[in-house]
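Structure first, commentary second.
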Amino acid sequence: MTEQTYHANAQQKLDLMKKGAFLTTAFGGKVNTMVIGWGSIGYMWRLPIFTALVRQNRFTHGLLEKTGQFTVTFPTQELPEALQICGTKSGRNMDKLAACGLTVAPARKIETPRLAVPGYHYECKVLYKTTMSAQDLDKAIKELWYEKEPGDYHTLYFGEILDSYQTH
Ligand SMILES: Cc1cc2nc3c(=O)[nH]c(=O)nc-3n(C[C@H](O)[C@H](O)[C@H](O)COP(=O)(O)O)c2cc1C
């Protein structure tokens, strides 16, 4: 696949993210999924990279710090209940997957599983991470997005896309 075709396909998937995608992590026998609305797909170091932004207070953040792996699923069916639960409740206190009747399936290239729903799946290994710093951030963005939860800046995880595929 040429870089151009890859980007065209990636853009279609990213449009699906406006509805909410699912970022799945797992550590120590615990699997957790959270909704993400922000992210990007591109090239860095001549590698296909999925960049996810995860605030430091998310349970997912702790899991990602431990494993350095994640999967992202763009569902091709409507999952309103799962979006609601996985986008507002924390896996710190509950089994969100069980609560919304979702299950996972093994990934192909990493130990972290993917959601077992029809959709587009990305399997990623973190190559670099960096947490946003207040002093380097545009003032208007800071006021808009970081005033309600002061100091809770996103960590950007740059994950090499080791595999991506569609399930039906
Ligand atoms: C539509 C939507 C998009 C979201 N996007 C993000 C995101 O990109 N990054 C983030 O840190 N939280 C995002 N959230 C919030 C998390 O999904 C939410 O805080 C979740 O409960 C965290 O789960 P966890 O504590 O189990 O990790 C989003 C929520 C919704 C509903």
Side-chain angles (χ1 to χ4, degrees), residues 10-42 44 49-104 107 110-117 119-124 126-134 136-138 140-161 164:
Q11 190 57 51
Q12 286 172 3
K13 309 302 171 301
L14 287 172
D15 287 344
L16 287 175
M17 190 148 76
K18 289 176 189 159
K19 293 183 180 176
F22 294 86
L23 187 152
T24 303
T25 46
F27 182 75
K30 180 148 180 128
V31 182
N32 188 54
T33 289
M34 71 169 245
V35 176
I36 55 167
W38 296 352
S40 61
I41 296 174
M44 292 174 73
I49 301 287
F50 192 106
T51 305
L53 290 80
V54 180
R55 286 189 201 257
Q56 292 170 284
N57 74 349
R58 310 300 189 219
F59 183 56
T60 297
H61 191 277
L63 296 179
L64 270 173
E65 289 293 310
K66 290 191 180 102
T67 68
Q69 296 183 356
F70 60 94
T71 62
V72 177
T73 297
F74 296 82
T76 46
Q77 62 184 27
E78 301 292 327
L79 296 170
E81 195 190 0
L83 279 177
Q84 207 279 327
I85 292 174
C86 299
T88 58
K89 310 278 186 213
S90 178
R92 206 172 273 117
N93 321 309
M94 64 185 285
D95 181 343
K96 285 196 274 186
L97 289 169
C100 51
L102 289 178
T103 56
V104 290
I110 58 175
E111 286 168 26
T112 303
R114 62 162 176 87
L115 281 196
V117 297
Y120 301 98
H121 309 278
Y122 291 80
E123 299 184 5
C124 305
V126 176
L127 296 184
Y128 180 65
K129 62 184 177 181
T130 184
T131 300
M132 296 164 59
S133 73
D136 295 331
L137 187 60
D138 177 82
I141 297 288
K142 195 191 303 184
E143 285 170 8
L144 187 60
W145 294 103
Y146 299 94
E147 295 271 285
K148 282 189 213 133
E149 300 175 79
D152 189 23
Y153 291 94
H154 287 95
T155 298
L156 280 68
Y157 290 97
F158 297 83
E160 179 183 0
I161 300 170
S164 60

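Counting convention: from 1, in listed order, for ligands and their atoms alike.
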Exercise for review: For Val126 and Gln69, work out which heavy atoms get closest and say how close.
Suggested key: CG2-N, 4.3 Å

Check your understanding: Among protein heavy atoms, which sits nearest to atom 18 (C) of ligand 1, and what does the distance come to when rounded to 0.1 Å?
Key -> Gly87 O, 3.3 Å

Practice item. Might you work through the side-chain contact (heavy atoms from CB on, under 4.5 Å) test for Ile49 and Tyr128, ending with a clear yes or no? Key: CA-CA 10 Å; Ile49 301 287; Tyr128 180 65; over 6 Å; no

Point to revise | Subset of ligand 1 atoms that lie under 4.0 Å from at least one heavy atom of Asn32 | key: 24 (P), 26 (O), 27 (O)

Point to revise | Which atom of Val54 lies closest to which atom of His61, heavy atoms considered | key: O-CD2, 3.6 Å

Review point. At what distance is the nearest protein heavy atom to atom 27 (O) of ligand 1, and which residue and atom is it?
Key: Thr60 OG1, 2.6 Å

Review point. With a 6.0 Å cut-off on ring centres, are Trp38 and His154 close enough?
Key: yes

Exercise for review: Answer with yes or no whether the side chains of Asp136 and Ser133 bring together a donor and an acceptor at under 3.5 Å.
Suggested key: yes

Check your understanding: Considering only the protein, which heavy-atom contact is closest to atom 5 (N) of ligand 1, and what is its distance?
Key -> Gly37 N, 2.9 Å

Study note, to complete from the structure: So for Lys96 against ligand 1, with non-hydrogen atoms under 4.0 Å, the contacting part is side chain

**Study point:** For atom 9 (N) of ligand 1, the protein heavy atom that lies nearest, with its residue and separation
**Key:** Leu53 O, 2.8 Å

Revision key, fill the gap. So for Thr88 against ligand 1, with non-hydrogen atoms under 4.0 Å, the contacting part is backbone

Point to revise | From the candidates Met34, Arg58, Arg92, the one that places a heavy atom nearest atom 15 (C) of ligand 1 | key: Arg58

Review point. What's the shortest distance from atom 17 (O) of ligand 1 to any protein heavy atom, and which residue and atom give it?
Key: Val35 O, 2.8 Å

Check your understanding: What protein heavy atom is closest to atom 21 (O) of ligand 1, reported as residue, atom name and distance in Å?
Key -> Lys89 O, 2.7 Å

Check your understanding: Side chain of Lys142, backbone of Ala134: donor and acceptor closer than 3.5 Å?
Key -> yes

Check your understanding: What about the rings of Phe74 and Tyr120, do their centers lie closer together than 6.0 Å?
Key -> no

Review point. How close do Ala82 and Leu102 get, heavy atom to heavy atom, and via which atoms?
Key: CB-CD1, 3.8 Å

Exercise for review: Can you sort out which atoms of ligand 1 are near Phe59, meaning under 4.0 Å from one of its heavy atoms?
Suggested key: 24 (P), 25 (O), 26 (O), 27 (O)

Review point. If we only count N/O pairs under 3.5 Å, is Leu83 in contact with ligand 1?
Key: no

Check your understanding: What atoms of ligand 1 come closer than 4.0 angstrom to any heavy atom of Val54?
Key -> 11 (O)

Check your understanding: Identify the closest protein heavy atom to atom 20 (C) of ligand 1: which residue and atom is it, and at what distance?
Key -> Cys86 O, 3.5 Å

Practice item. Might you point out which heavy atoms bring Gly39 and Met17 nearest each other, and give the distance in Å? Key: N-CE, 3.3 Å

